[in-house]
Asks: 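Structure below; questions to follow.
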Amino acid sequence: MSDADFETPIDRRYFEDYRVGAVHRYGTIAVDQAEVIAFAAKFDPQDLHVDPEAAARGPFGGLIASGWHTTAMMMRLFADHYLSKVASLASPGVDELRWTRPVRPGDTLTIRVTVLEANVSRSKPDRGVVRTLIEVLNQNGEQVMSCKAINLLRRRGSA
């Protein structure tokens with residue numbers, strides 16, 4: 001599934017459009033070696049992320065992306081394709097963040113999102129809380145990361 005499977009386009013999507021049980025797939029984003037090294041050099045400077053020769057001798061047999069870089073790539077796809085451009089208010093966080101397989105230069109990532117819960121806020125009825133399972137998949141369909149995002153979204157007609 002893709003954006004087109006939502007009945008409402010992302011620039012007109014509100015809380016009511018996030019239906020429990022809906023599953024959507026978005027992507028792709030390519031994992032580039034220079035970007036892996038640059039991200040890690042700035043934010044996660046461990047040999048397995050920044051030094052191809054040292055990484056080759058390490059536990060993964062080669063350079064791998066920082067989990068935080070993988071999370072950033074996931075967020076790009078999530079923001080570009082899933083989060084409403086008009087109703088997204090904020091996120092109080094994510095639960096159960098897991099990096100399940102190494103991500104390597106040359107991989108191509110997609111996301112699969114499943115709407116787990118969608119509840120109107122009891123204290124602020126102009127908005128709802130959507131809980132989403134996000135799975136990051138590589139080009140072989142293998143899960144490399146997962147998390148459960150919580151997003152606050154404006155209800156239609158409340159703006």
Asks: Could you tell me whether the side chain of Ser84 and the main chain of Arg13 form a donor-acceptor pair under 3.5 Å?
Replies: yes
Asks: Is it possible for you to say whether Leu137 and Met73 belong to one hydrophobic cluster, with membership spreading through side-chain heavy-atom contacts below 4.5 Å?
Replies: no
Asks: Tell me whether Gln139 contacts the main-chain N or O of Thr108 through its side chain, where contact means a donor paired with an acceptor under 3.5 Å.
Replies: yes
Asks: Contact between Gln143 and Val136 at the side-chain level, heavy atoms closer than 4.5 Å - yes or no?
Replies: no
Asks: Should Glu35 and His69 be marked as a side chain to side chain contact (heavy atoms under 4.5 Å, CB included) after you check the CA-CA gap, both sets of side-chain angles, and the distance that decides it?
Replies: CA-CA 9 Å; Glu35 290 176 5; His69 187 189; 4.2 Å; yes
Asks: Minimum heavy-atom separation for Asp107 and Pro102, please, with both atom names.
Replies: OD2-O, 4.2 Å
Asks: Nearest 0.5 Å, please: how far is OG1 in Thr100 from CZ in Arg98?
Replies: 10.5 Å
Asks: Carefully, step by step, assess Asn151 and Phe78 under the rule side chain to side chain contact (heavy atoms under 4.5 Å, CB included).
Replies: CA-CA 11 Å; Asn151 294 93; Phe78 192 69; 3.7 Å; yes
Asks: Test your reading of the model: is there a side-chain donor-acceptor pair from Asp17 to the backbone of Tyr14, 3.5 Å cut-off?
Replies: yes
Asks: Ignoring hydrogens and angles, tell me if any N or O in the side chain of Arg154 forms a donor-acceptor pair with the backbone of Val86 under 3.5 Å.
Replies: yes
Asks: I want to check something: taking the side chain as every heavy atom from C-beta on, are Arg155 and Asp126 in contact at a cut-off of under 4.5 Å?
Replies: no
Asks: Can you check whether Leu63 reaches Gln33 side chain to side chain, under 4.5 Å on heavy atoms?
Replies: yes
Asks: Quick check: closest heavy atoms across Ile111 and Met74, and the distance to 0.1 Å?
Replies: CG2-CG, 4.0 Å
Asks: Side-chain heavy atoms under 4.5 angstrom apart, residues restricted to Ile, Leu, Val, Met, Phe, Trp, Tyr: same cluster for Trp68 and Leu77?
Replies: yes
Asks: Could you tell me the separation between the CG atom of Leu109 and the CZ atom of Arg76, rounded to the nearest 0.5 Å?
Replies: 14.5 Å
Asks: Taking it one step at a time, do Thr8 and Arg156 satisfy side chain to side chain contact (heavy atoms under 4.5 Å, CB included)?
Replies: CA-CA 12 Å; Thr8 307; Arg156 188 170 274 106; 4.0 Å; yes
Asks: Group every Ile, Leu, Val, Met, Phe, Trp and Tyr by side-chain heavy-atom contacts under 4.5 Å, then state whether Val144 and Ile134 land in the same group.
Replies: yes
Asks: Return the orientation label for the Tyr26 and His81 ring planes: parallel under 30°, perpendicular over 60°, tilted otherwise.
Replies: parallel
Asks: Where do Trp99 and Thr71 land on the side-chain hydrogen bond (donor to acceptor under 3.5 Å, both in side chains) test, with the steps shown first?
Replies: CA-CA 9 Å; Trp99 297 301; Thr71 304; 3.2 Å; yes
Asks: When you measure from the side chain of Ser91 to the backbone N and O of Ile150, does any donor-acceptor pair fall under 3.5 Å?
Replies: yes
Asks: Between Ser66 (side chain only) and Asp44 (backbone N and O only), is there a donor and an acceptor less than 3.5 Å apart?
Replies: no
Asks: Please give me the minimum heavy-atom distance between Ile10 and Asp80, naming the atom from each residue.
Replies: CD1-O, 3.5 Å
Asks: Do NZ/NE/NH1/NH2 and the carboxylate oxygens of Asp47 and Arg57 come within less than 4.0 Å?
Replies: no
Asks: Output the distance between atom NE2 (His49) and atom CD1 (Ile64), rounded to the nearest 0.5 Å.
Replies: 5.5 Å
Asks: Is any side-chain heavy atom of Val113 less than 4.5 Å from a side-chain heavy atom of Val23?
Replies: no
Asks: Is there a side-chain contact between Asp95 and Arg131 (heavy atoms, below 4.5 Å)?
Replies: yes
Asks: In the single-linkage hydrophobic clustering (I, L, V, M, F, W, Y; side-chain heavy atoms under 4.5 Å), do Ile37 and Ile29 co-cluster?
Replies: yes
Asks: How far apart are the closest heavy atoms of Leu116 and Val20, and which atoms are they?
Replies: O-CG1, 3.6 Å
Asks: So, Asp51 side chain and Glu53 main chain: donor-acceptor pair closer than 3.5 Å or not?
Replies: yes
Asks: Without swapping roles, check the side chain of Lys85 against the backbone of Ala79 for a donor-acceptor pair under 3.5 Å.
Replies: yes
Asks: Rounded to the nearest 0.5 Å, what separates atom NZ in Lys148 from atom CD in Glu96?
Replies: 4.0 Å
Asks: If I compare all heavy atoms of Val129 with all of Leu152, which pair ends up nearest, and what's the gap?
Replies: CG2-CD2, 3.6 Å
Asks: Compute the centroid of each ring, for Tyr18 and then for Tyr82, and state whether the two points are separated by less than 6.0 Å.
Replies: yes
Asks: Considering all heavy atoms of both residues, which atom of Val36 and which atom of Pro105 are nearest to each other, and what is their separation?
Replies: CG2-CG, 4.4 Å
Asks: Does the side chain to side chain contact (heavy atoms under 4.5 Å, CB included) test come out yes or no for Met145 and Leu97, once each step is laid out?
Replies: CA-CA 7 Å; Met145 186 195 126; Leu97 173 62; 3.7 Å; yes
Asks: With clusters defined by side-chain heavy atoms of hydrophobic residues (ILVMFWY) lying less than 4.5 Å apart, directly or transitively, does Met75 cluster with Phe39?
Replies: yes
